[in-house]
Colleague: 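Take a look at this one; I'll ask things after.
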Amino acid sequence: MIDRAVGLSGKPVSVMSRKDRIEVLRNLEERGAFHIKRAVDQVAARLGVSRVTVYADLDIVRNGGRTTT
């Protein structure tokens, strides 16, 4: 599921911007990927970012594209 979401972005992970990464997370969220145990750990490893980064970006996805303050 993660590889498919990354593939849909059309960019290799190594050149993804934060906006690209958020779109990958949006795709995964829509497919229910984060209901799977340890999904955040797996996504973070695949995207080459920390779990904290995934949670921060996922928060943006879940808040309709707005950052929390």
Side-chain angles (χ1 to χ4, degrees):
M1 191 181 299
I2 299 168
D3 287 338
R4 177 179 163 88
V6 169
L8 288 173
S9 76
K11 293 184 180 179
V13 172
S14 60
V15 298
M16 279 188 182
S17 65
R18 184 173 193 204
K19 182 179 176 183
D20 298 326
R21 194 171 59 241
I22 288 171
E23 286 307 311
V24 169
L25 296 179
R26 187 179 319 280
N27 182 286
L28 291 169
E29 175 73 358
E30 288 171 358
R31 297 180 70 203
F34 296 105
H35 293 284
I36 299 169
K37 189 175 184 177
R38 304 220 191 287
V40 169
D41 294 329
Q42 292 179 19
V43 170
R46 178 65 175 88
L47 295 179
V49 296
S50 71
R51 292 174 63 233
V52 172
T53 298
V54 172
Y55 279 118
D57 291 348
L58 193 53
D59 194 42
I60 292 169
V61 169
R62 290 176 174 166
N63 286 306
R66 297 179 309 275
T67 57
T68 57
T69 55

Colleague: Using 0.5 Å steps for rounding, measure from the CG atom of Asp57 to the CD atom of Glu29.
Modeller: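 Interatomic distance, Asp57 CG to Glu29 CD, rounded to 0.5 Å: 12.5 Å.
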Colleague: Search all heavy atoms of Met16 against all heavy atoms of Lys11 and return the closest pair with its distance.
Modeller: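 Scanning both residues completely, I find the closest heavy atoms to be CE-O, 3.7 Å.
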Colleague: I need the minimum non-hydrogen distance between Asn27 and Ala5, along with the two atoms involved.
Modeller: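 That would be OD1-CB, 3.6 Å.
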Colleague: CG of Leu8 to CG of Asp3: how many Å apart, nearest 0.5 Å?
Modeller: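 Atom-to-atom, Leu8:CG and Asp3:CG are 11.0 Å apart.
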Colleague: How close do Ala44 and Arg51 get, counting heavy atoms only, and between which atoms?
Modeller: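 What the structure gives for the nearest pair is CB-N, 4.0 Å.
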Colleague: Roughly how far, to the nearest 0.5 Å, is the OG1 atom of Thr53 from the CG atom of Leu58?
Modeller: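 Output value for this atom pair is 12.0 Å.
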Colleague: Is Arg4 atom CZ crowded by more than 12 heavy atoms from other residues, nucleotides or ligands, each under 6.0 Å away?
Modeller: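 Result for CZ/Arg4: open.
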Colleague: Just wondering, do Arg46 and Val24 contact through their side chains at under 4.5 Å, heavy atoms?
Modeller: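 Result no, sub-4.5 Å side-chain heavy-atom pair not found.
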Colleague: Hey, does Glu23 have a side-chain heavy atom less than 4.5 Å from the side chain of Arg26?
Modeller: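 Side-chain contact under 4.5 Å: yes.
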Colleague: Can you find a pair of side-chain heavy atoms, one from Asp41 and one from Val54, that are under 4.5 Å apart?
Modeller: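 No, too far: nothing below the 4.5 Å cut-off.
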Colleague: Any side-chain heavy atom of Leu25 sitting closer than 4.5 Å to one from Leu47?
Modeller: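 The answer is yes; the side chains approach within 4.5 Å.
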Colleague: For Asp20 versus Val15, what's the shortest heavy-atom pair and its separation?
Modeller: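 Looking at all heavy atoms of both residues, the closest pair is OD2-O, 4.3 Å.
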Colleague: Kindly give the heavy-atom pair with the smallest separation between Ala33 and Ala39, and that separation in Å.
Modeller: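 Heavy atoms only, the tightest pair is O-CB, 3.3 Å.
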Colleague: Are any of the side-chain heavy atoms of Ile36 and Gln42 separated by less than 4.5 Å?
Modeller: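 Not touching, per the 4.5 Å side-chain cut-off.
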